[in-house]
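Throughout, protein chains are lettered first and strands after them, A, B, ... in sequence-line order, and every chain is numbered starting at 1.
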Number of protein chains: 2
Amino acid sequence: MLNYSEIDSILRALVEPTRRQILERLSRGPATVSQLAEPFGMTFAAVLQHLQVLEACGLIRSEKIGRVRTCRIEPGGLAPLADWITERRIPAERHLDRLGEILAETDQPSPKVQDQEKDEQT
Amino acid sequence: MLNYSEIDSILRALVEPTRRQILERLSRGPATVSQLAEPFGMTFAAVLQHLQVLEACGLIRSEKIGRVRTCRIEPGGLAPLADWITERRIPAERHLDRLGEILAETDQPSPKVQDQEKDEQT
DNA sequence: ACAATACTCAAGTCCATGCTTAACTATTCC
DNA sequence: GGAATAGTTAAGCATGGACTTGAGTATTGT
């Protein structure tokens, strides 16, 4: 739990489809809370909660001018997640087939491989 | 909802800390279900459910030899998410301050900016 | 000042998901 | 063949998170 929680909060924010849509919308330019709420068949309050989540993890930024709050994308917001992914892609791309082979050779005389499931996704 | 659901399933898989830990563990080499279950203070069945989620979205792969199921990282598993992120980072890095300025100039005479919240994260 | 606007906050409901328990199947060992 | 091992499945509980409603605050227009 170091900067682990940063990744955690970003993933929790992104896992919500509505929040991803809000991000898409904002990546085409800033918008007020009401402008964001309109296209989604959703109450003001709900969108506001999403915006708070997005802002709390640094994916968006907002400022209130008068009674209007304008939201926009925070440029570097996705960077921590991008880093997390690249950190895990590079080592993963190696040593697994290697170890897999070793394990496959040392372990069984006549392996009866049966791979089921993994196909309920049209 | 095209390959949108692919991103969705990957994010849903990654948002669980336990599943991320399982991925970390597997990125250091293949492991059986019992080997994976041991370090987490968790039942067999729970870990199995996590593994099914990870496999369903293509982040890991597993094969059963005899009564032992061995799991390993699926090399390209994180690629769709990585792509999704890069697609959104490049356009986001531009045109927002631009539009932000335009909006800020056309809208108000004497802006009273007040930015609160965003600090409940120790 | 008063009303309308734009947002904010607090409860409360509802559903998805993580985890457990318990029964069950398939393999291996003796 | 029978017991132990490794995994699998199903049912149920419990929590968290999304969304709503309803009341409240600050700002702007008249």
**Prompt:** Is any side-chain N or O of B:Arg19 closer than 4.0 Å to OP1 or OP2 of C:dG18?
**Reply:** yes
**Prompt:** Atom CG of A:Leu54 to atom P of D:dG17: distance rounded to whole Å?
**Reply:** 15 Å
**Request:** Would you mind reading off the distance between B:Glu55 atom CD and D:dG7 atom P, rounded to a whole angstrom?
**Result:** 14 Å
**Asked** Just how far, in rounded Å, is P of D:dC19 from CG of A:Leu51?
**Response** 12 Å
**Prompt:** In whole angstroms, how far is the C1' atom of C:dA6 from the CD atom of A:Glu38?
**Reply:** 14 Å
**Pairwise distance CG(A:Leu23) to OG1(A:Thr18) - rounded to 0.5 angstrom** = 11.0 Å
**Prompt:** What's the CD1-C1' distance between B:Ile22 and C:dC19, to the nearest Å?
**Reply:** 13 Å
**Prompt:** OP1 or OP2 of D:dC19 less than 4.0 angstrom from a side-chain nitrogen or oxygen of A:His50, does that happen here?
**Reply:** yes
**Fill in**
Separation between CG (B:Leu78) and CZ (A:Arg88), nearest 0.5 Å, reads 9.0 Å
**Message:** Whether A:Gln52 contacts C:dC9 is assessed here as follows: a side-chain N or O lying under 4.0 Å from the phosphate OP1 or OP2. Is that the case?
**Reply:** yes
**Separation of atom CD in B:Glu16 from atom P in D:dT15, rounded to whole Å** = 16 Å
Distances under 3.5 Å between nitrogen or oxygen atoms of protein and nucleotides 20-23 of chain D:
from, atom 1, to, atom 2, distance (Å)
D:dT20, OP2, A:Thr43, N, 3.0
D:dT20, OP2, A:Thr43, OG1, 2.8
D:dT20, O4, A:Gln49, NE2, 3.2

**Spacing between A:Leu48 atom CG and D:dT25 atom P, to the nearest angstrom** = 17 Å
**Item:** From A:Glu55 atom CD to A:Cys71 atom SG, the distance as rounded to the nearest 0.5 Å
**Value:** 7.0 Å
**Prompt:** Which pair of non-hydrogen atoms, one from A:Val15 and one from B:Asp8, has the smallest distance, and what is that distance?
**Reply:** O-OD1, 4.0 Å
**Request:** Compare all side-chain heavy atoms of B:His50 with those of B:Glu16 and state whether any distance is below 4.5 angstrom.
**Result:** yes
**Item:** Same cluster (ILVMFWY, side-chain, under 4.5 Å), B:Leu48 and B:Val53
**Value:** no
**Item:** A:Val68 reachable from A:Val33 in the ILVMFWY side-chain graph, under 4.5 Å edges
**Value:** no
**Prompt:** When you check the phosphate oxygens OP1 and OP2 of C:dT25, does a side-chain N or O of B:Arg67 lie under 4.0 Å from one of them?
**Reply:** no
**Message:** Just the rounded figure in Å: distance from P of C:dC7 to CD of A:Glu63.
**Reply:** 13 Å
**Prompt:** Does B:Arg69 make a side-chain N or O approach to OP1 or OP2 of D:dA6 shorter than 4.0 Å?
**Reply:** no
